[in-house]
Amino acid sequence: MTQEVNLNSLKELEREMVLQVLYRDQVVQKVEEERIRKLKLHLQNLRWRPAKNTNQEYKEKSCARCQKSLGLVINRGGVCQGCSHRVCSECRVFLRKTYVWKCTVCFADGDAKIKTGEWFFEERAKKFPDESKHETAGAKLLKSYQKLRLVWYKG
């Protein structure tokens, strides 16, 4: 149910002002995309660090992230609530509101989802699985204006 936006009813000055806003919006979107790309790259780098497989047994008790030996009494590690790996105190984050430990990778994953807004789209996709991605109103306006300009130049 997409609706074509008609810019014919706007005066030239109004059209130009709308376009300036839309072009600034495109610049902001590109900056945001770069910020999100860097966040995801950081998360990917964290994931590439060695992690144990939960199915394998190990002779030595060690941190699943940095492979540092864990003690029997002191620094024996905590179990991540996200991935169930046992991690040392340096490779985990304590979440005050929920009073649970998460490893740095699971914490960074959740943090990236919050900062990028990805959690919203995941939840929306669960609630409305048939909906596809829609164009923003700004993108529709730009397309409409570009079509209108072609008509002006030809005419």
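Predicted model only: the values in this text are computed from it and were never measured.
- Annotation: the span from L22 atom CG to R24 atom CZ amounts to 9.5 Å, rounded to 0.5 Å.
- For A108, the side-chain contact (heavy atoms from CB on, under 4.5 Å) partners are L43, L46, not counting sequence neighbours.
- Between T116 and K113, the shortest heavy-atom distance links the atoms OG1-O, 3.5 Å.
- In the hydrophobic clustering of ILVMFWY residues, with side-chain heavy atoms under 4.5 Å counting as a link, L70 and V79 come out apart.
- In the displayed structure, L41 atom CG is contacted under 6.0 Å by more than 12 heavy atoms of other residues, nucleotides or ligands.
- Hydrophobic cluster membership of W101, counting Ile, Leu, Val, Met, Phe, Trp and Tyr whose side-chain heavy atoms lie under 4.5 Å apart directly or via other members: F94, Y99.
- Counting only heavy atoms from C-beta outward, the side chains of L39 and R35 approach each other to under 4.5 Å.
- In this structure, CD on Q26 lies 10.0 Å from CG on L19, to the nearest 0.5 angstrom.
- For residues 80-103, every residue pair satisfying the salt bridge (Lys or Arg N to Asp or Glu O under 4.0 Å) rule, not counting sequence neighbours, is listed here: K68-E90.
- One distance of note links NE2 of H85 with SG of C103; it measures 8.0 Å at 0.5 Å rounding.
- How far OG1 of T98 is from CD of Q81: 8.0 Å, rounded to the nearest 0.5 Å.
- Neither M17 nor Y23 shares a network with the other; the hydrophobic side chains, linked directly or stepwise wherever heavy atoms of I, L, V, M, F, W or Y lie under 4.5 Å apart, form separate groups for each.
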> Do K38 and H42 pass the side-chain contact (heavy atoms from CB on, under 4.5 Å) test, and can you show the C-alpha distance, the side-chain angles, and the key distance before you say yes or no?
Replying inline: CA-CA 6 Å; K38 286 179 182 177; H42 173 69; over 6 Å; no
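- Ion pairing between a basic and an acidic side chain is recognised when a charged N comes within 4.0 Å of a carboxylate O; K30 and E33 show no such pairing.
- Put simply, CZ on R65 and SG on C106 are 6.0 Å apart, with the number rounded to the nearest 0.5 Å.
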